[in-house]
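Heads up, the thing below is written out as structure tokens.
All values derive from a computational prediction rather than experimental measurement. Both ligands and their constituent atoms are indexed starting at 1 by order of listing.
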Amino acid sequence: MLYYEESIETMPREELKKLQSERLSALVKRVYEKSSFYKNAFDQANIKPEDIKSVDDIVKLPFTVKADLRDNYPFGMFSADLKDIIRIHASSGTTGKPTVVGYTKNDITMWAKCAARSLVCAGANPDSIVQVAYGYGLFTGGLGLHYGAEELGAAVIPMSGGNTSKQLMLMHDFQATQLACTPSYANYLGEALRESGADMSEIKLKSGIFGGEPWSEGLRKSIEKKLNIKAYDIYGLSEIMGPGVAIECCEQNGLHIWEDNFIAEIIDPDTLEPVNEGEEGELVITTITKEGIPLIRYRTRDISKITYEKCACGRTHARIARVKARTDDMLIIRGVNVYPSQIESVLLTIDEVEPNYNIIVTREGTLDMMEILVELNEKFDFDKIASLEALSKTIAAKLHSVLGIHSKIKLVEPHSISRFEGKATRVDDRRGKE
Ligand code: DLL
């Protein structure tokens with residue numbers, strides 16, 4: 001099975017653009033009538049729904065940000081009547097109230113279809129057995145992939161996150177062919193599987209659908225090796241829908257964003273102007289088919305790039321680059337911008353290093369200090385002090401050449417850094433908290 005909805009996934013771009021234009025102008029009319037938030041926002045920007053005739057007019061529309069959802073907590077941003085909402089998800093930010101998202105029946109169907117398309121991109125088909133180890137609940141990971149797998153006609157194992165030994169038992173006994181979870185949990189499951197001494201010929205996993213957090217090419221390789229699978233990057237966010245907004249295909253060269261439902265733009269986060277195709281910036285998404293809580297020009301805060309070139313897989317939908325970080329996750333250390341995923345990329349070029357690390361940032365006097373705890377694997381002989389020193393120096397030098405700043409490296413023994421069953425938190429920024 002190559003595609004789930006072939007005619008849509010391979011639609012010529014001119015047709016896709018026409019569809020987007022029709023849907024965008026219908027959406028703008030709908031939200032102007034149904035949402036007092038958007039009516040006010042359009043009035044303030046001096047925009048009338050009739051001004052939006054084509055997708056090219058999108059730049060005239062105001063942006064929506066996460067704070068708008070919080071300020072209108074819980075249901076103030078909904079564009080549908082509550083009686084038509086059949087599901088509510090919420091994402092718990094680090095501070096304040098969660099952002100709440102309501103789905104109508106059509107929204108759930110659209111999401112399930114996008115998730116089914118995404119599963120097919122990642123090698124699944126109606127005969128697949130999909131183990132969903134994303135959390136179920138207000139988080140969209142579990143239910144999103146669950147409905148997608150059912151829509152596809154595959155069999156779902158709704159394991160949710162955690163309970164690692166049972167995950168491995170069912171993966172083996174139920175002959176799961178796909179695993180869906182965060183990349184950090186996939187790596188942990190792979191490690192636990194290897195340590196359990198399982199006979200790998202009895203494990204039927206073929207591919208993984210991993211996302212929900214930034215991850216590097218190095219982590220992909222580590223997971224693929226441990227689980228003996230092909231690992232695919234899936235992107236999504238609860239405000240827009242959940243997992244399945246975009247996914248890699250067999251080419252693994254960018255993530256197809258389902259443009260019949262979403263219009264993607266990349267903007268400069270400072271000037272808010274669109275950047276050129278292929279340039280890095282903040283991903284902005286407009287949902288053109290959602291009913292419950294359609295969002296116009298939503299600033300995701302995720303950093304990516306976009307290409308509209310046709311993909312060798314035959315899909316015509318644009319591809320976004322792997323999201324390397326959120327703008328909010330950027331650390332500024334001694335004036336230099338550092339993304340945790342850059343550190344991960346460097347660490348995982350070193351054979352003795354495992355994808356488990358912690359980044360601790362402190363301030364000594366006026367100087368920012370970054371210490372990185374790096375977990376080594378069994379290949380390393382901890383008894384040799386000289387090799388410890390040499391490895392620390394090598395890592396520090398590699399990081400310096402990429403980041404341009406000095407960091408302190410502390411090498412730690414196998415299994416000494418905590419593992420994650422959902423999204424990993426690897427940064428401990430203690431500045432201003434000490
Ligand atoms: O994490 C939805 C999801 C679940 C996506 C499972 C994929 C798989 P939120 O909890 O609202 O929703 O978090 C969304 O997570 O804005 C990104 O910063 C980050 N993120 C999600 N997928 C990726 C990815 C879900 N593949 C936020 N790569 C987003 C990098 C990702 N970051």
### Task
For atom 28 (N) of ligand 1, grab the closest protein heavy atom and report residue, atom and distance to one decimal in Å.
Glu213 O, 3.3 Å

### Query
In ligand 1, which numbered atoms sit nearer than 4.0 Å to a non-hydrogen atom of Gly141?
4 (C), 6 (C)

### Task
Test Gln252 against every option in Arg322, Lys230, Glu217 by the side-chain contact (heavy atoms from CB on, under 4.5 Å) rule and name the one that passes.
Lys230

### Query
Heavy atoms only: which of Ala115, Ala90, Gly212 is nearest to atom 19 (C) of ligand 1?
Gly212

### Message
For atom 10 (O) of ligand 1, what's the nearest protein heavy-atom neighbour? Residue, atom name and distance, please.
### Response
Lys423 NZ, 3.0 Å

### Task
State the atoms of ligand 1, each with its element, that fall below the 4.0 Å cut-off from a heavy-atom position in Tyr134.
6 (C), 8 (C)

### Message
For the aromatic rings, using the six-membered ring if either is Trp, is the centroid distance between Tyr103 and Trp111 under 6.0 Å?
### Response
yes

### Task
Between Gly244, Gly236, Gly142, Ala325, flag the one that comes closest to atom 25 (C) of ligand 1 by a heavy atom.
Gly236

### Task
Answer yes or no for Lys17 and Tyr308: cation-pi contact, defined as NZ/CZ to six-membered ring centre under 6.0 Å and angle to ring axis within 45°.
no

#### Entry: side-chain hydrogen bond (donor to acceptor under 3.5 Å, both in side chains) involving Glu195 - partner list, sequence neighbours excluded
His415

### Within-cut-off N or O pair, Asp302 and ligand 1, under 3.5 Å
yes

## Note on the structure
Of Asp68, Leu295, Ile267, Thr286, the one forming a side-chain contact (heavy atoms from CB on, under 4.5 Å) with Phe63 is Ile267

#### Entry: Close N or O approach (Asp233, ligand 1; < 3.5 Å)
yes

### Query
Any N or O on Trp215 sitting closer than 3.5 Å to an N or O of ligand 1?
no

### Query
Which bit of Lys324 is near ligand 1, meaning a heavy atom under 4.0 Å away: side chain, backbone, both or neither?
neither

### Message
When you compare ligand 1 with Ser238, is there at least one nitrogen or oxygen pair between them that comes in under 3.5 angstrom?
### Response
yes

### Message
Using a strict threshold of under 4.0 Å (side-chain N to carboxylate O), is an ion pair present between Asp107 and Lys105?
### Response
no

### Query
Is Arg315 positioned over the aromatic face of Trp258, cation under 6.0 angstrom from the ring centre and no more than 45 degrees off axis?
no

### Task
Measure centre to centre between the rings of Tyr136 and His146, then say whether the value is under 6.0 Å.
yes

### Task
Consider every N or O of Ile234 and every N or O of ligand 1, then say whether any pair is closer than 3.5 Å.
yes

### Query
Side chains of Thr64 and Tyr38: donor-acceptor distance under 3.5 Å anywhere?
yes

### Task
From the options Leu237, Val323, Leu283, select the one whose nearest heavy atom is closest to atom 14 (C) of ligand 1.
Leu237

